[in-house]
Amino acid sequence: MNRSEGVSAEGSGMTGTSRRRGLGAERLLDLQRQLSARDLRLLELVAAHRFLTTRHIEQFLFHDHATQTSGARSCRRSLARLESWQLVERPIRRVGGMQAGSASSIWMLASPGHRLLNLRAGNGAVGRVREPGERFIRHYLAIADTHLTLVTAERSSQLELSTVEIEPLCWRSHVGLGGQREVLKPDLFAVTAPRTDGLPAEFEDSWFIEVDRATESLPTVVKQCEQYEAYRRTGIEQDQRGVFPLVLWVVPDERRATGLRTAIQRSKKLDTDLYRITTPEQFLAVILRGAA
DNA sequence: TACACCGTGTGCACTATTTG
DNA sequence: CAAATAGTGCACACGGTGTA
């Protein structure tokens, strides 16, 4: 479906005489002094999501401008500056948008950007990034889409978003039946409350959100559901937060939704009440409807 | 104090790229 | 081809900061 051009070798900001070598810690500290608070927020946002399109960054951080185009303009200028400082980079050029027209660039933290954030966090100037695969990138972009849907719904007062955690912050580790350490890895964790007439609802809903791209077989997905059940049986989440979140699968289309729904119903091991299955288009409606 | 410089915000005209 | 979208170049305005 998506023809993707290879990596566009952009000699961004490198002068003819400069050699490829890492930026030293002094140079990083020097760069850090030149960064605005928003530059840092931008770097942290990209680091948290691993990959974001220009459009994502624009909507997360540059939404409060006079016009949308002006926000976009500022966003691209900030990104260009950070790219010239080798703090962010474009791993691939995405070809073809959703409809006609060019698609947004995809951004990731470059190795110096990674080291700069680690330096700030007191972890020393360490960190290196590898060339990611396209499937991997698309999964993270889909997570960003889902996160952004929640954030924009909160901005427009449709819901109250008291917690939203991206992986690995939302991961839950526990000890399995055999005594081995298990890690449950949702893509997002969120606590929401729909707003009506500007007032948040009386009850909050907690969600483990899984963004599915139909790249895994249904039996594999069912196994993943079993991990949620196993974690629920430990009682850890209920002890810490009072409730066990619903598991919301966001799947690409109705066909996959039906397939997954049937697979969960047929499985003897799963409690169907724990799951909600939706498509990106219906995602917000499901969140607003809540656990009811 | 006056001035230069820089980052940022904004608008406009333009190019590049893709879809139908 | 036209339409749609992302991105660029340029010009101007504004406020903060450093310096003579």
Side-chain angles (χ1 to χ4, degrees), chain A residues 1-16 18 23 26-47 49-110 112-113 116-117 119-120 131-149 151-152 155-156 213-214 252-253 279-281 283-284:
Chain A
M1 194 174 93
N2 259 293
R3 278 170 296 151
S4 82
E5 218 112 72
V7 175
S8 71
E10 232 149 316
S12 56
M14 295 285 255
T15 67
S18 65
L23 301 177
E26 337 76 60
R27 173 88 181 98
L28 283 177
L29 285 169
D30 194 47
L31 262 181
Q32 191 191 320
R33 277 190 286 274
Q34 292 181 59
L35 295 174
S36 67
R38 199 178 54 188
D39 289 337
L40 281 169
R41 269 190 293 149
L42 198 160
L43 291 176
E44 276 159 7
L45 180 76
V46 175
H49 278 278
R50 301 196 197 191
F51 305 97
L52 288 174
T53 63
T54 309
R55 187 128 186 89
H56 285 139
I57 298 168
E58 192 187 308
Q59 291 182 5
F60 272 119
L61 291 182
F62 296 80
H63 56 93
D64 52 354
H65 286 245
T67 63
Q68 192 260 326
T69 42
S70 149
R73 187 81 194 81
S74 290
C75 177
R76 285 195 289 267
R77 190 163 42 183
S78 293
L79 283 166
R81 187 162 31 82
L82 296 176
E83 187 181 36
S84 76
W85 293 343
Q86 299 173 48
L87 296 177
V88 294
E89 62 188 353
R90 287 179 255 201
I92 52 169
R93 229 176 225 298
R94 203 162 59 153
V95 177
M98 296 295 280
Q99 295 148 35
S102 308
S104 297
S105 294
I106 295 167
W107 297 90
M108 64 185 271
L109 224 55
L116 188 141
L117 289 187
L119 203 61
R120 279 178 59 79
E131 278 302 308
E134 187 167 329
R135 205 172 101 171
F136 189 69
I137 293 179
R138 292 194 182 282
H139 181 237
Y140 282 102
L141 293 182
I143 296 173
D145 281 339
T146 310
H147 184 190
L148 196 55
T149 301
V151 170
T152 46
R155 261 182 222 145
S156 61
R213 305 224 340 112
D253 49 49
T279 56
E281 295 73 37
F283 168 70
L284 185 58

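In what follows, every chain begins at residue 1, and chains take the letters A, B, ... in the order their sequences are listed. Values below: all heavy atoms of this structure, side chains included; hydrogens, waters and symmetry mates excluded.
Rounding to whole angstrom units, CG of residue Leu79(A) and P of dA6(C) are separated by 14 Å. Per the geometry, CD belonging to Glu58(A) stands 14 Å off C1' belonging to dG9(B), to the nearest Å. Note: CD1 (Ile106(A)) to P (dT5(C)) measures 18 Å, nearest angstrom. In this structure, the CZ atom of Arg76(A) is 15 Å from the C1' atom of dT8(B), given to the nearest Å. In this entry the distance linking CZ of Phe62(A) with P of dT10(B) reads 12 Å, nearest Å. For the pair Glu83(A) CD and dA6(C) C1', the computed distance is 14 Å after rounding to whole Å. Rounded to whole angstrom, the span from the CZ atom of Arg73(A) across to the C1' atom of dT8(B) amounts to 12 Å.
Contact of the Ser78(A) side chain with the Leu42(A) side chain is registered, since non-hydrogen atoms from C-beta on lie closer than 4.5 Å. Contact check for Leu82(A) versus Leu109(A): no side-chain heavy atoms found under the 4.5 Å cut-off.
Look at Thr54(A) and you'll find a side-chain N or O under 4.0 angstrom from OP1 or OP2 of dG7(C).
In this structure, His49(A) has its ring center no closer than 6.0 Å to that of His56(A).
Note on Arg41(A) versus Glu44(A): no salt bridge recorded, every NZ/NE/NH1/NH2 to OD/OE distance being 4.0 Å or above.
Side chain Arg55(A) to base dG7(C): no donor-acceptor pair is found below 3.5 Å.
Within 4.0 Å (heavy atoms only), Arg77(A) reaches at least one base atom of the nucleic acid.
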